[in-house]
Every structure is written in C-alpha cells, then in structure tokens.
There are 2 protein chains.
Amino acid sequence: MARAATTSDVFNAIAEQQRREILVLLRAREVPVTELAQELGMTQPGASKHLRVLREVGLVRDRKAGKHRLYGLDARGLRPVHEWTGGFEQFWNESFDRLDAYVQDLKQERQEE
Amino acid sequence: MARAATTSDVFNAIAEQQRREILVLLRAREVPVTELAQELGMTQPGASKHLRVLREVGLVRDRKAGKHRLYGLDARGLRPVHEWTGGFEQFWNESFDRLDAYVQDLKQERQEE
DNA sequence: TTGACGTATGCCGATATCGGTATATGATTG
DNA sequence: CAATCATATACCGATATCGGCATACGTCAA
C-alpha cells in the first residue's frame with residue numbers, strides 16, 4: 001500500500017522539503033515555473049512536478065500570464081495542519097515535566113542495576 | 001532517492017495518518033503498545049513500527065513499567081511544524097482575495113474563448 | 001505557419017514506504 | 001530454569017516516491 005498519496009493529503013504534500021521551500025518562495029510573489037526552478041536550484045520538470053502536487057492538494061494555484069504561467073500561494077490548506085499541531089501546544093511545556101519524570105525514572109533504573 | 005527518511009524528519013513522521021492518531025491518543029495518557037494497537041485497530045507489529053518512527057524523530061518516548069513498556073508523548077517536536085505553518089497565517093485570509101482575483105481571471109478567459 | 005520560448009508529461013531506475021506474518025528478543029513470574 | 005506475556009525485528013510483496021532525461025504540448029510573435 002505504501003504511503004498515502006501525496007496528492008490527496010496536505011500533510012504529505014508538505015512532508016517534502018523542496019515543496020516547503022516552494023511554498024515559502026510563493027509567499028513573496030507569484031512566480032513562473034522556470035524562475036522558481038532556478039531560484040530553488042531544481043530542474044524545470046522537477047519544479048513542475050512538485051507544483052502539480054501542491055496544486056492538487058490546493059496549496060497552490062496557477063493562472064496564465066502571457067507566455068508564462070504564474071503560480072501563486074493558496075495557504076488555506078495549511079490551516080488544518082496549524083490547528084492540528086496547535087492541539088498539542090499545551091503539551092509543549094508539559095512535555096518538559098514529563099521528560100523530567102522520565103529522567104527521574106532513568107536514574108532510578110540505574111540505581112537498580 | 002525517494003522520499004526523505006521518515007525517521008529523520010518530523011514533517012514526514014506526521015505525514016502518516018495512523019501516526020497522527022497515535023499522537024492524539026498519547027495526548028490522553030501513556031499507553032503500552034498492545035493497548036495502543038487495539039484501540040487504533042492496528043496489529044501489534046504495526047503499532048510498534050509506527051512508534052519506532054515517532055520515537056526516532058523524538059515525538060514519543062518510552063519507559064519501562066513492569067512487564068509493559070509505556071509510550072508517552074513528547075510534543076515539543078511538533079512546535080516547529082506549528083510555527084512553520086503559522087508563518088502562513090497572514091495568507092489564510094489574503095488567500096481569499098487572491099482567489100477572488102483568480103476567479104475574475106477565469107471569467108475573463110472564458111469571455112475570450 | 002514556422003520558430004522560439006515556456007511548461008507539462010512519460011518513462012525509467014533506485015529507493016523507501018506500509019502492511020502482514022512469522023519469529024526473535026526481553027522481561028516477569030512461578 | 002521454564003513458561004508466559006510483552007514487544008521488537010526480519011522478511012516479503014505491492015506500491016509510491018523522487019530525480020533525471022527526453023519529449024510532448026501550449027502559447028506567443030514574426
């Protein structure tokens with residue numbers, strides 16, 4: 001079965017480093033594929049494929065602009081990810097406490113050896 | 001090259017639905033593998049493997065507890081994801097405007113046909 | 001229409017994933 | 001120690017990924 005298709009899941013789409021870089025770049029402005037590929041040091045087909053994935057999950061959209069095709073950001077799809085991770089916010093601090101308990105536990109184990 | 005190893009990247013680790021479910025479950029309490037597998041309807045080896053990935057990216061830690069091995073949440077690794085997506089927050093609303101412009105563009109294209 | 005530019009797709013190889021089953025490893029109890 | 005329970009790992013098959021190269025498709029201008 002392998003992994004869920006990147007094309008159907010925002011979490012998967014942004015699991016790829018280069019795609020995240022693309023999104024960051026698109027935060028600044030709309031960009032045609034060629035320029036994007038150049039700036040991020042990827043091949044044009046490579047960039048095209050990543051953009052396809054991003055488009056299919058709705059994080060990016062494109063519009064014709066003369067000879068070019070401009071890609072632009074549609075960040076709404078990132079909101080669920082932000083909110084999901086936000087659901088763990090209360091644990092970011094608490095985690096220290098738990099970690100502390102964990103460390104205590106380790107110490108105890110050592111003493112028992 | 002395939003995808004970046006899930007084991008070295010939190011974004012990849014949470015790209016998997018079942019692993020996200022595990023994290024949510026661990027928000028409530030520490031749990032041994034068997035129980036976790038049962039509650040989430042996966043096999044024990046399956047759960048074990050997912051936990052391994054989560055442990056290797058630091059989202060989960062384990063401690064011995066008698067005959068069991070309890071897995072607990074360490075959500076700190078989710079913070080970078082939250083913050084990264086948060087970097088797009090200002091675009092969630094703006095996206096509507098851009099989308100609007102996009103729609104206008106589509107209309108225009110149709111008229112040109 | 002032809003040519004030139006911009007972009008997308010097809011195909012391939014190498015690799016990693018995920019799920020399942022069987023089995024090994026570990027830990028606890030009698 | 002042996003038996004039992006808990007957990008991890010190995011191996012496998014099916015599939016999907018990503019990158020690169022070649023090439024098809026699309027669009028504009030002369």
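What you see below is based on every heavy atom in this structure, not just the backbone, and it leaves out hydrogens, waters and symmetry mates. Every chain is numbered from 1, with letters handed out A, B, ... down the list of sequences. In this text the structure is predicted, and so the values were computed from the model without any measurement.
Following rounding to the nearest Å, A:L70 (CG) and C:dG6 (C1') show an atom-to-atom distance of 12 Å. As rounded to whole Å, 18 Å separates atom P of C:dT15 from atom CG of B:N12. With rounding to whole Å, B:L36 atom CG is found 15 Å from D:dA6 atom P. Protein atom CG of B:D62 is 10 Å distant from nucleotide atom P of D:dT9, rounded to whole Å. The nearest whole Å value for the distance from the CD atom in B:E16 to the C1' atom in C:dG19 is 10 Å. Per the geometry, CG belonging to A:D9 stands 17 Å off P belonging to C:dT17, to the nearest Å. To the nearest angstrom, C1' of C:dG6 lies 17 Å from CD of A:E30. Taking atom CD of B:Q17 as the reference point, atom C1' of C:dG19 lies 16 Å away to the nearest angstrom.
The shortest distance between the side-chain N/O atoms of B:T34 and the OP1/OP2 oxygens of D:dT7 is below 4.0 Å. Contact annotation: B:Y71 side-chain N/O to D:dA6 OP1/OP2 distance is not under 4.0 Å.
Atom CG in B:D9 sits 9.0 Å away from atom CD in A:E16 (nearest 0.5 Å). Between atom CG of residue A:L36 and atom CG of residue A:L40 there is a gap of 5.0 Å, rounded to the nearest 0.5 Å. In this structure, CG in B:L78 is found 10.0 Å from CZ in B:F11, a value given to the nearest 0.5 Å.
The side-chain contact (heavy atoms from CB on, under 4.5 Å) search around B:P32 returns B:E35, B:H68, B:L70, not counting sequence neighbours. Applying the side-chain contact (heavy atoms from CB on, under 4.5 Å) rule to B:R79 yields the partners A:W92, B:E83; only residues at least two apart in sequence or on another chain are considered. Taking A:Q38 as the reference, nothing meets the side-chain contact (heavy atoms from CB on, under 4.5 Å) condition, with sequence neighbours excluded.
Interface residues of residues 44-54 of chain A facing DNA chain C, ordered by number: A:Q44, A:P45, A:S48, A:K49, A:R52; criterion, heavy-atom separation under 4.0 Å.
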Please list every donor-acceptor pair under 3.5 Å in which a side-chain atom of residues 47-58 of chain A meets a protein atom from a residue at least two apart or in another chain.
from, atom 1, to, atom 2, distance (Å)
A:H50, ND1, A:R19, NH1, 3.2
A:R52, NH1, A:E56, OE2, 2.3
A:R55, NH1, A:Y71, OH, 3.3
A:E56, OE1, A:T7, OG1, 2.5

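B:F88 has its side chain out of reach of A:L26: every pair of non-hydrogen atoms, C-beta onward, lies at least 4.5 Å apart. Looking at A:Q18 and A:M42, their side chains come closer than 4.5 Å, going by heavy atoms from C-beta outward.
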In B/S/- notation (B base, S sugar-phosphate only, - none; protein heavy atoms under 4.0 Å), nucleotides 24-30 of chain D written 5' to 3' is ---SS--
